[in-house]
Amino acid sequence: MQQKKLMVIVDSIGFSLRSMRSQKDYLDYLINDQKQDITVVVLADSAFKEVAIETFSRTGAKVYFEDYNDSILNDEMINKIANKYNILIYNIVTERHAVDFLRHNLGDNYPTVKDNKGIAHPVPNKSCLFASEKTIEKVTKKLFYVAHLARDNRDYQDAKVIFLPFSGLKTFGTEYGANDREQQKISEYMSFPFEDSIPAIGKIQKELKEHNIIVIPIIIQYGNLEEIHRKVIEISKQHNLNPLPTSLDIDWNRDFASQAGFFNAINQWSEKTGLPNIAIVHGSSSLHLVEECADPQRIIAFYATHTEKLNIEDDGRIYHLAVAEASGGWLRAVQPLTPYSHNYKQVAQQITEQALLLIQSWIDG
């Protein structure tokens, strides 16, 4: 007997990515373990349409999509869509519902970590979000193009190419903190300055050049893209990055399909080269993107953060630090050596040292 499920995805980039992992796991369990026939209706912002349909379809479910672009996602909207498709209230699936269900049925076989509010979420232990093959192919062509340019410009036709997605600024500010002053202070902790991260990337490029490996930095920063790119290129030229960073002409604010497609594509790229890509990420949205889309066997990812003391209710680090601890090493949280500090120069130095050691060990086999 066929069942209908309504998957509700909130309009928050980071939380929506994490939500889709647990909802996909939920469908996988019902369809592949319990052999149930499931039809899914996804209620989400249209920006998530392609990835939601592609991701949930891979479970074997038949998927329909409803967007709420011109409305507010609330109980009234959810009930309206549920009634439209004759979906019963207990078949409305949020992230919390999916995680609770899976923990109840699978116990310790469904590993979770808790955020700063004590809420459990699945451990990101595999690539779980997917763009369409058409989108992945489009991004892959861009990767081949920039790789071709990099080899030609440096006369390294036989060099291997790896990609280094990076982000740094908390460009949207923060809602943490009791007042404007606190929020401004916390926002400073949350920003990994490009003035610190880009020189580190330059050092990684220079060292790996000696191993005939070209490192192409990819800006995956959310915010004012024109302003960010101008600043990134300016600093990159000052520190002689070669190749210079590129955004691959992806809209990192809204084009979520191409964002997921990028990670799908570099996962495949790494599989062919036999070398891991490197990520240096900061800011919750970019970090969630890496956690949910990257293949842990195909990337070495660094989470740049601080050691400042924050109230638990304001401390979004708690979740990502827990993910890093549970990751088995593919995601590494890097903090200043100095307590109660947001000295990101120390963070950048550690990332440089660790990245080069890990790549060297990978080359050595």
Side-chain angles (χ1 to χ4, degrees), residues 1-115 117-132 256-257 260 288-289 291-293 319:
M1 179 179 175
Q2 188 180 78
Q3 292 188 57
K4 291 181 181 178
K5 302 287 184 180
L6 176 59
M7 299 291 170
V8 179
I9 300 174
V10 299
D11 186 18
S12 164
I13 294 173
F15 294 165
S16 64
L17 306 185
R18 188 170 63 189
S19 173
M20 279 190 273
R21 174 181 290 274
S22 59
Q23 290 165 323
K24 178 178 182 290
D25 290 344
Y26 172 87
L27 290 174
D28 267 327
Y29 177 79
L30 293 180
I31 295 170
N32 298 310
D33 288 17
Q34 301 300 306
K35 307 304 179 184
Q36 296 185 20
D37 184 9
I38 305 289
T39 293
V40 171
V41 179
V42 179
L43 178 58
D45 186 286
S46 60
F48 303 112
K49 182 175 182 178
E50 180 181 317
V51 172
I53 291 175
E54 184 68 28
T55 297
F56 294 147
S57 294
R58 291 190 178 213
T59 67
K62 186 174 183 179
V63 183
Y64 298 91
F65 190 90
E66 292 278 347
D67 71 63
Y68 55 81
N69 289 2
D70 298 324
S71 305
I72 298 172
L73 181 63
N74 54 24
D75 289 343
E76 182 180 355
M77 168 60 69
I78 293 170
N79 290 331
K80 176 183 175 182
I81 299 301
N83 290 334
K84 176 179 176 180
Y85 288 91
N86 297 315
I87 296 173
L88 300 174
I89 190 169
Y90 58 79
N91 283 324
I92 298 173
V93 184
T94 62
E95 181 194 12
R96 178 75 69 88
H97 178 275
V99 172
D100 288 347
F101 176 88
L102 291 164
R103 293 177 77 194
H104 174 76
N105 286 277
L106 297 175
D108 292 341
N109 290 323
Y110 192 68
T112 58
V113 294
K114 291 184 177 180
D115 63 20
K117 296 181 180 178
I119 299 172
H121 306 278
V123 173
N125 52 15
K126 59 183 179 295
S127 176
C128 78
L129 302 183
F130 300 93
S132 68
F256 179 54
H288 278 296
L289 188 64
E291 289 168 345
E292 304 304 336
C293 297
Y319 168 74

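Bear in mind that the values here come from a model prediction, so they are computed numbers and not experimental data.
Residue pairs meeting the ring-ring contact (aromatic ring centres under 6.0 Å, His included) criterion with at least one member in residues 52-75: none, sequence neighbours excluded. For residues 46-59, the salt bridge (charged side-chain N to carboxylate O under 4.0 Å, His left out) pairs, not counting sequence neighbours, are Glu54-Arg58, Arg58-Glu133. Under the side-chain hydrogen bond (donor to acceptor under 3.5 Å, both in side chains) criterion, the residue pairs touching residues 34-47 are Gln2-Thr39, Gln3-Gln36, Tyr29-Gln34, Asp45-Arg254, Ser46-Asn69, with sequence neighbours excluded. Judged as a side-chain hydrogen bond (donor to acceptor under 3.5 Å, both in side chains), the pairs with a partner in residues 77-86 (not counting sequence neighbours) are, in order, Glu66-Lys84, Glu66-Tyr85. Residue pairs meeting the side-chain hydrogen bond (donor to acceptor under 3.5 Å, both in side chains) criterion with at least one partner in residues 87-101, sequence neighbours excluded, are Lys5-Asn91, Glu95-His121.
Nearest approach of Val10 to Leu73, heavy atoms of both residues: CA-CD2, 3.9 Å.
Between the CD1 atom in Ile38 and the CE atom in Met7 there is a gap of 8.0 Å [rounded to 0.5 Å]. With rounding to the nearest 0.5 angstrom, the CD1 atom of Ile31 is 3.5 Å from the OG1 atom of Thr59.
Listed by chain and number, the residues in a side-chain contact (heavy atoms from CB on, under 4.5 Å) with Thr55 are Lys24, Val51, Leu129, Phe130 (sequence neighbours excluded). For Tyr110, the side chain to side chain donor-acceptor pair (under 3.5 Å) partners at least two apart in sequence or on another chain are Asp25. A search for side chain to side chain donor-acceptor pair (under 3.5 Å) contacts involving Asn32 returns Asp28, not counting sequence neighbours. Under the salt bridge (Lys or Arg N to Asp or Glu O under 4.0 Å) criterion, Glu292 pairs with Arg21, sequence neighbours left out. With sequence neighbours left out, Lys62 forms a salt bridge (Lys or Arg N to Asp or Glu O under 4.0 Å) with no residue at all. The side-chain contact (heavy atoms from CB on, under 4.5 Å) test applied to Asp108 returns no partner, not counting sequence neighbours. Every residue meeting the side-chain contact (heavy atoms from CB on, under 4.5 Å) condition with Ser57, not counting sequence neighbours, appears here in chain and number order: Ile53, Val63.
Looking only at distances, a side-chain donor or acceptor of Ser127 sits under 3.5 Å from a matching main-chain atom of Cys293.
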task = Could you go through the side-chain contact (heavy atoms from CB on, under 4.5 Å) check for Leu289 and Phe256 one step at a time?
result = CA-CA 9 Å; Leu289 188 64; Phe256 179 54; 3.8 Å; yes

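Of the residues Val99, Asn105, Leu106, the one that meets the side-chain contact (heavy atoms from CB on, under 4.5 Å) test with Leu102 is Leu106.
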